[in-house]
Each structure stands twice: as structure tokens, then as C-alpha cells.
Amino acid sequence: MSRTALYKGLYFAILGSAAAVALAILVYFRFAPIALLAVLLGLLLPGRILGFFWRDLLRGLRLLNAKDYAASKASSLRFLAEVRRRPWIKHLVWLGSSSYSRDPEILALNNLGGAEIGLREFDAAEQHLNEAISIDPLCPLPFYNLGVLAMAKGNSVEATRCFAEAKRLGYRGGLSDRIVRASQTRFAETDGG
């Protein structure tokens with residue numbers, strides 16, 4: 001079992017547990033307004049805190065999904081500078097979840113590489129994706145993007161190798177990946193809130 005599969009299982013277990021606890025609280029307190037407020041705060045507050053400190057990471061992902069590569073690159077670079085200046089904000093990952101890496105720096109480097117592929121800055125993209133891999137070799141996303149990069153460069157053999165490695169590490173593009181991606185995209189669209 002890959003680490004990504006374990007993280008995805010944990011993601012869905014936490015989601016289900018949070019829903020069950022929220023429902024139990026509401027039923028126990030007979031849907032009292034104060035119980036409803038407590039549940040809403042308990043579910044929304046961690047995302048708001050994470051969104052505040054990780055706004056540039058989330059904005060970079062949102063802009064990458066919108067194909068605004070230059071703005072995505074700028075946001076990812078700002079987040080990388082911030083996380084390197086204040087490394088303690090990495091620990092806020094426990095307020096949210098990631099199915100691919102517990103290090104937001106990896107996610108920012110991956111987003112940066114993706115934006116640079118879109119900008120056709122292939123050397124910079126390769127450098128940032130390889131940097132992500134050197135920090136977290138079990139994250140499948142940089143391998144997937146290296147495959148995209150290899151395809152853009154016309155190297156189908158290298159693309160196949162990279163896509164196979166991403167798959168081996170747990171990125172299959174299946175239903176669970178689409179659910180996680182949709183959840184992350186929705187979270188990024190609101191910059192965490």
C-alpha cells in the first residue's frame with residue numbers, strides 16, 4: 001500500500017468521523033441553535049486558519065486550475081518565500097489534509113512546476129519538480145507533472161516512466177483522486193475559507 005493510499009483512507013475516515021460527530025452533537029442537543037453554531041465553528045474554523053496562513057498556496061492552485069500560469073507562479077513563489085521565512089506554518093497541515101504530502105512546500109513546488117510548464121519555462125519547471133521530489137520522494141504529484149513536462153518536450157518514453165512512478169506512488173487519476181482534487185479545488189477557490 002502506498003503512502004498516498006494511506007493518506008486517502010485517512011482523509012475519508014476523518015471526513016466521515018467529522019460528519020458523524022457533527023450529526024451526533026446536533027441530535028443530542030436536538031438541533032439547538034447553539035449546537036448548530038458550535039458544529040459550524042468546529043467545521044469551518046480550522047479551514048479559515050489554514051486559509052489565512054496558506055492563502056498564497058491556495059491562490060496559486062486556484063490560478064493554476066484557471067490556467068492563469070503567470071499569476072499562479074507569482075503566488076507559489078510568495079508562499080515558498082513565506083514558508084521558508086516562517087517554517088512553523090508547515091505544521092498547520094494538521095488543520096486540513098493532503099492526500100499526497102504532509103509538507104505544503106512540496107505542494108507549492110509542484111504547483112510552481114505546473115505553472116512553469118504552462119508558461120513553457122521547461123528548465124525551471126524541471127528544477128522545481130525535482131526539488132519537490134528530493135524533499136519528498138513519496139509524493140506522486142511531481143512525478144505526474146514531470147510526465148506532463150516530458151510529453152510537452154516530446155519525450156514519450158520519459159513521460160511513460162514518470163506516469164508509471166506517479167501511479168506506483170498512488171496517483172491513479174481514479175475516483176478518489178478526482179474527489180480529493182475537487183475538494184482541494186473548492187477549498188482553493190475560496191482561499192481556504
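We number each residue from 1, following the sequence as shown.
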Tell me whether the NZ or CZ atom of R120 lies within the 45° cone about the ring axis of F122 and under 6.0 Å from its centre. no
Hydrophobic cluster identity match, L41 and I49, side-chain contacts under 4.5 Å: no
Tell me whether the count of non-hydrogen atoms from other residues, nucleotides or ligands lying under 6.0 Å of CG in L37 goes above 12. yes
Just so I know, are the side chains of F79 and R59 near enough to count as touching, which here means a heavy-atom distance under 4.5 Å? no
How long is the span from the OG atom in S72 to the CG atom in N111, to the nearest 0.5 Å? 6.0 Å
Taking all atoms of both residues into account, what is the closest heavy-atom pair of R168 and S2, and its distance? O-CB, 4.0 Å
Is M1 isolated, or which residues cluster with it under the ILVMFWY side-chain rule of less than 4.5 Å, directly or via members? L6
Any side-chain heavy-atom pair of E116 and E126 under 4.5 Å: no
Quick check: are there more than 12 heavy atoms from other residues, nucleotides or ligands sitting under 6.0 Å from NZ of K167? no
Please give me the minimum heavy-atom distance between P140 and L169, naming the atom from each residue. CB-CB, 3.8 Å
Heavy-atom pair with the smallest gap, counting every atom of C139 and I106: SG-CG2, 3.9 Å
Out of curiosity, does I135 fall in the hydrophobic cluster containing W54 (side-chain heavy atoms, cut-off under 4.5 Å, transitive links)? no
Are L119 and L80 connected in a single hydrophobic cluster, I mean Ile/Leu/Val/Met/Phe/Trp/Tyr linked by side-chain heavy atoms less than 4.5 Å apart? no
As a test of understanding, state which of Y100, F143, F163 forms a side chain to side chain contact (heavy atoms under 4.5 Å, CB included) with Y171. Y100
Check this for me, if you would: do E82 and R78 make a salt bridge, where the nitrogen-to-carboxylate-oxygen distance has to be below 4.0 angstrom? no
Can you find a pair of side-chain heavy atoms, one from L129 and one from L109, that are under 4.5 Å apart? no
Single hit among D136, L112, V93, L57 for side chain to side chain contact (heavy atoms under 4.5 Å, CB included) with L107: L57
Which pairs pass ring pair (Phe, Tyr, Trp, His ring centres under 6.0 Å) with one or both residues in residues 55-76, sequence neighbours excluded? none
For a 4.5 angstrom cut-off between non-hydrogen side-chain atoms, does T160 reach V157? no
Around atom CZ of R86, are there more than 12 heavy atoms from other residues, nucleotides or ligands closer than 6.0 Å? yes
If you measure from CD1 on I14 to OH on Y7, what distance do you get to the nearest 0.5 Å? 11.0 Å
Cluster link I117 to L63, ILVMFWY, side chain under 4.5 Å: no
Would you compute the distance between atom CG of L146 and atom CG of N155 and round it to the nearest 0.5 angstrom? 11.5 Å
Nearest-0.5 Å distance that lies between atom NZ in K90 and atom CG in L92: 12.0 Å
Looking at residues at least two apart in the chain, or sitting in another chain, which of them share a ring pair (Phe, Tyr, Trp, His ring centres under 6.0 Å) with F53? W88
Closest heavy-atom pair, A18 versus L43, reported as atoms and distance to 0.1 Å, is CB-CD2, 4.2 Å
Are the side chain of S17 and the backbone N or O of A13 linked by a donor-acceptor pair below 3.5 Å? yes
Short N-O contact, E121 and K73, less than 4.0 angstrom: yes
Would F31 end up clustered with V39 when hydrophobic side chains under 4.5 Å apart are linked, directly or stepwise? yes
